*Asks:* 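Submitted below is the structure of interest, expressed as structure tokens.
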Amino acid sequence: RGLMELLDTHPAQLLQEALPIKVLDRWGDFYLGLRAQSPRKPMKKDLQLAILAPWTRKFSSSSKNKLLRTQLTRSPSLTLGDQIWDDSWLWRQIALTPHGNLRLAWTFFGLLAICWDLIFIPLQMFDINSSVDSLINVMSIAVFVYWVLDVPATFITGFDRGGILEMRMRAIAHNYMKGWLLLDGIVLFLDVMIFVVLSTSAASDSGSGSNGGNDSMGSFRLARALRLMRFLRLLRLHKMANLAAEILDRFKTDSFLLTMNILRSLSAVLALNHYMSCAFLGIAVFSENNGEMTWIEIAGLENTDFWTQYLSALHWSLTQFMPATNNIAPNTAQERIFAIFVVLIGLAVFSSFVSGVTNTVNQLRQIHTELFKQESKMKSFLTQKSVSVDVWCRVQKFCRLRILLDKTSLKEADIPMLKDLPQGLRVKLHQEIYMPVLVSARWMSEGLMELDEPLMLKLCDGVLREQVATATQEIFMEGGECSEVVIPTKSRRALIYGSSKLRHLEVIQEGTWLCELCLWAKWEHRGQLEATDMTHYMAISGEDFSTTIVQHGGPLFQQIRTIGLLYISLAESRDSDETGPLTDLPLSAEKAEDVRERAARFGQLRLSPSRKVSGSSMIGLGSFFGGRRSSRFGSQFVMVDRA
């Protein structure tokens, strides 16, 4: 047995002791040659991970960061996209941001109120029927109530001032008083006067009875004249453009926005024709009977209802704005003068409408110009090569799918305009995009985020990068050098991880952190990650992550470094104990929580006051690392009190 062990461990020594010197060289070469050709099971070595250089630097005080924050606090500089608030807690609770969902809903109702006034105010000139008059009266009260409530709502809604969101109470009130407050007050005062006069007139008419026929006719004319004063509500049409712009800002598709521009131009033309038709109908209805026949009488519509007469007038108005025919013609002098006026306006409006639609369509085409060029070249190439119909269809299908993928897989690097954003606004943008990804790590917690929020914002702004992998693309290979963490964000179960240490393939879910160890140590991939479909993922460079945190310093730096050392120790012990295969997959939720809690306990021990104790009451940092202490960390470990 001893000779066999000596044969396996030191064959040259065995040959020297057991064989003569003459045959030593001959048998030694023969035996060593056989052993070199035969497969031998390599001796397993303990995993030794090398910590990244930034984590080995001596921690320096964060007084520079504190001094910088103090200077920023004393002399704050506002950038594009910042918000200015009052210190009042109550005001922060009731104030509305101009781009919030609640304000957007309120704006939408305001847009509907303006559209109602735009359509039904000119119809109040006519005596339609009692049901329509009742509806108009009820809706007039509802619209009046809305605009009354809009005054205090505007006083608590912030506004944009040169790219800065102004949310201070005094500044909001001053801005409103300089702008729309006077006009809103005048319109609301006229509405109150109209309601009072109409109510008084209705009461007097009901009290006069049948003896007050002349008075009733006079009250009817007064009521009609007062209703026409509601045209002053149309001064709010300037608000309509701003309200519509605020709503359209929520939509992000260029094609939809250009389509909405066309519909908005068409709506403006219809609104103008609505007023032209009401005026044309009013000239015929309210003209004095001097022996001349109006267009209503010539067309034989004098005994029809109001809506038939109105639609006929609207048809005539539309034909004046575009090349079309109709069987209605003006007859009286007033009608002919008005018709000439409408034709001149229609000439300008129709030409502007056509040019606007043409420009919008050209903008829509310019968006896809480059894609159209590539598709045209592809078709020319396939035609010149005389490819089969089957291949032609497959290539076309792939190209169309590729165009669709290019639209849905935009990255920040694909938009050069974002590079010109001010730093403050860029940080806010990266916070909304990348912060949910950063806090999705299993070893991250809300407590860590609250330790140093500026550092978290700095990580979001400078460390995370968005990448896109196409179908069948290999994101990393087994055995390759690992320099970044991979975090799927829109994978749709399209990432498959396989390793020689695993017996089955793993489907990677969204938010899973792969290759976390490269944040603290040099790491080689233990498996292969492949995309089966188009996949978006975030990449975090280990070198950039460690350098950013170490340069910033602070309590969060110490916590993350402790978590990294615990993570490395756990990985080394797991590899040596063979408790399970060590792969690129993250820690389980239970182990990650245990690592986080042990790092938090060590942070509390580090902050506790030091005192002299006996040897039995002292422990090393190795106890926090699961009982296995690497010799490479021994010089960095300190003695602390037993908790």
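This is a predicted model, so every value here is computed, not measured. Below, each value reflects all heavy atoms present in this structure, side chains not excepted, and no hydrogens, waters or symmetry copies. Starting from 1, each residue takes its place in the sequence as its number.
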*Asks:* Under 3.5 Å, is there a donor-acceptor pair between the side chain of T154 and the main chain of D150?
*Replies:*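 Side chain of T154 to backbone of D150, a donor-acceptor pair under 3.5 Å: yes, one is there.
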*Asks:* Using side chain to side chain contact (heavy atoms under 4.5 Å, CB included), reason through Y567 and L587 one step at a time and then give a plain yes or no.
*Replies:* CA-CA 9 Å; Y567 206 149; L587 291 176; 3.5 Å; yes
*Asks:* Working to the nearest 0.5 Å, report the span between CG of D544 and CG of L519.
*Replies:*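 Result: 11.0 Å between the selected atoms.
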*Asks:* Is the backbone of D533 close enough, under 3.5 Å, to the side chain of T535 for a donor and an acceptor to pair up by distance?
*Replies:*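 Yes; judged by distance alone, with no hydrogens or angles, the pair exists.
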*Asks:* Specify the closest pair of heavy atoms between I94 and I156, including all atoms of both residues, with the distance to one decimal.
*Replies:*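 It is O-CD1, 3.6 Å.
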*Asks:* Could you tell me whether the side chain of T157 reaches within less than 4.5 Å of the side chain of R103, counting heavy atoms only?
*Replies:*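 They are in side-chain contact.
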*Asks:* Hey, does I540 have a side-chain heavy atom less than 4.5 Å from the side chain of I487?
*Replies:*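 In short, these two side chains touch, coming nearer than 4.5 Å.
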*Asks:* Quick check: does any side chain N or O of R598 sit under 3.5 Å from a backbone N or O of L566, one acting as donor and the other as acceptor?
*Replies:*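 Looks like no, no N/O pair under 3.5 Å.
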*Asks:* Could you measure the distance from the SG atom of C460 to the CE atom of M435? Nearest 0.5 Å is fine.
*Replies:*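 Those atoms lie 3.5 Å apart.
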*Asks:* Compare every heavy atom of L96 with every heavy atom of M167, then report the nearest pair and how far apart it is.
*Replies:*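 Nearest heavy atoms, M167 then L96: CE-O, 3.3 Å.
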*Asks:* Could you tell me whether E593 and R442 have a side-chain N and a carboxylate O separated by less than 4.0 Å?
*Replies:*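 Salt bridge flag = no for R442 with E593.
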*Asks:* Just one of C518, P586, S541 clears the side-chain contact (heavy atoms from CB on, under 4.5 Å) bar with V485, so which one?
*Replies:*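 Among the candidates, only C518 passes.
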*Asks:* Would you say that Q528 contacts E530 through its side chain, given a criterion of any heavy-atom pair below 4.5 Å between the two side chains?
*Replies:*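 They are in side-chain contact.
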*Asks:* Hey, are the side chains of R426 and K428 touching, using non-hydrogen atoms and a 4.5 Å cut-off?
*Replies:*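 Sidechains of K428 and R426: no contact.
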*Asks:* Would you call R168 and E166 a salt bridge, using N to O less than 4.0 angstrom?
*Replies:*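 Here R168 pairs with E166 in a salt bridge, since their nearest N and O are under 4.0 Å apart.
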*Asks:* Do M456 and M444 have side chains that approach each other closer than 4.5 Å (heavy atoms only, starting at C-beta)?
*Replies:*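 A side-chain contact exists here, since the closest heavy-atom pair is under 4.5 Å.
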*Asks:* Please answer whether the main-chain N or O of E543 pairs with a side-chain N or O of T547 as donor and acceptor at a distance below 3.5 Å.
*Replies:*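 Yes, the answer is positive, given that a donor and an acceptor are paired below the 3.5 Å cut-off.
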*Asks:* Check whether D584 reaches the backbone of G527 with its side chain - one donor and one acceptor, N or O, closer than 3.5 Å.
*Replies:*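 Side chain of D584 to backbone of G527, a donor-acceptor pair under 3.5 Å: yes, one is there.
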*Asks:* Under a 4.5 Å cut-off applied to non-hydrogen side-chain atoms, are C515 and F476 in contact?
*Replies:*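 Side-chain contact under 4.5 Å: yes.
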*Asks:* Between W443 and E516, do the side chains contain an N or O donor and an N or O acceptor separated by less than 3.5 Å?
*Replies:*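 Yes, a side-chain donor-acceptor pair sits under 3.5 Å.
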*Asks:* Near E597 CD, under 6.0 Å, is it more than 12 heavy atoms from other residues, nucleotides or ligands?
*Replies:*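 Yes, because the 6.0 Å sphere around CD of E597 holds more than 12 heavy atoms from other groups.
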*Asks:* Is the closest side-chain donor-acceptor distance between S440 and W513 under 3.5 Å?
*Replies:*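 Indeed, the side chains of S440 and W513 share at least one donor-acceptor pair under 3.5 Å.
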*Asks:* For the residue pair F155 and Y176, is the inter-centroid distance of their aromatic rings smaller than 6.0 Å?
*Replies:*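 Yes.
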*Asks:* For a quick check under 3.5 Å, do S500 and E478 share a side-chain donor-acceptor pair by atom type?
*Replies:*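 A pair is found: one side chain offers a donor N or O, the other an acceptor, under 3.5 Å apart.
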*Asks:* Provide the closest heavy-atom pair for A571 versus L517 in the form atom of the first, atom of the second, distance.
*Replies:*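 Taking every non-hydrogen atom into account, CB-CD1, 3.7 Å.
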*Asks:* Return the CG to NZ distance between D594 and K591, rounded to the nearest 0.5 Å.
*Replies:*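 Result: 9.5 Å between the selected atoms.
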*Asks:* Between the main-chain N or O of I508 and the side-chain N or O of T512, is there a donor-acceptor pair closer than 3.5 Å?
*Replies:*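 Between the backbone of I508 and the side chain of T512 there is no qualifying donor-acceptor contact (under 3.5 Å).
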*Asks:* Report yes if some heavy atom in the side chain of L565 is under 4.5 Å from a heavy atom in the side chain of W520; otherwise report no.
*Replies:*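 No, every pair of side-chain atoms sits at 4.5 Å or beyond.
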*Asks:* Could you check H536 against T489 for side chain to side chain contact (heavy atoms under 4.5 Å, CB included), going step by step and ending with a plain yes or no?
*Replies:* CA-CA 6 Å; H536 292 251; T489 55; 3.5 Å; yes
*Asks:* Measuring from atom NE2 of H525 to atom CD1 of I475, what distance do you get when rounded to the nearest 0.5 angstrom?
*Replies:*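 Interatomic distance, H525 NE2 to I475 CD1, rounded to 0.5 Å: 10.0 Å.
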*Asks:* Taking S499 for its side chain and R526 for its backbone only, find out whether a donor-acceptor pair lies under 3.5 Å.
*Replies:*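 The answer is yes, because a donor-acceptor pair under 3.5 Å joins these two groups.
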*Asks:* One pair to check against side chain to side chain contact (heavy atoms under 4.5 Å, CB included): L495 and T532. What are the steps and the verdict?
*Replies:* CA-CA 6 Å; L495 285 178; T532 60; over 6 Å; no
*Asks:* Assess whether atom CD of Q93 is packed by more than 12 heavy atoms of other residues, nucleotides or ligands within 6.0 Å.
*Replies:*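 It does: Q93 CD has more than 12 such atoms within range.
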*Asks:* Under the side chain to side chain contact (heavy atoms under 4.5 Å, CB included) criterion, do L165 and F159 qualify, and how do the steps go?
*Replies:* CA-CA 6 Å; L165 187 58; F159 65 96; over 6 Å; no
*Asks:* Closest heavy-atom contact between Y497 and L585?
*Replies:*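 Closest pair (atom of Y497, atom of L585, distance): CD2-CD2, 3.8 Å.
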*Asks:* Show the numbers, then the answer: is there a salt bridge (charged side-chain N to carboxylate O under 4.0 Å, His left out) between E484 and R465?
*Replies:* CA-CA 10 Å; E484 59 185 20; R465 295 181 295 104; 2.6 Å; yes
*Asks:* Using distance alone, with no hydrogens and no angle criterion, decide if E506 and H504 have a side-chain donor and acceptor under 3.5 Å apart.
*Replies:*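 Yes - a donor-acceptor pair under 3.5 Å links their side chains.
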*Asks:* Hey, are the side chains of D452 and F557 touching, using non-hydrogen atoms and a 4.5 Å cut-off?
*Replies:*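 No; the side chains remain at least 4.5 Å from each other.
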*Asks:* Nearest 0.5 Å please: distance from the CD atom of E466 over to the OH atom of Y537.
*Replies:*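 Spacing of CD (E466) from OH (Y537) equals 10.5 Å.
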*Asks:* Find the distance between CG (D86) and CZ (R170) and round it off to the nearest 0.5 Å.
*Replies:*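 Answer for the CG-CZ pair, D86 versus R170, is 8.5 Å.
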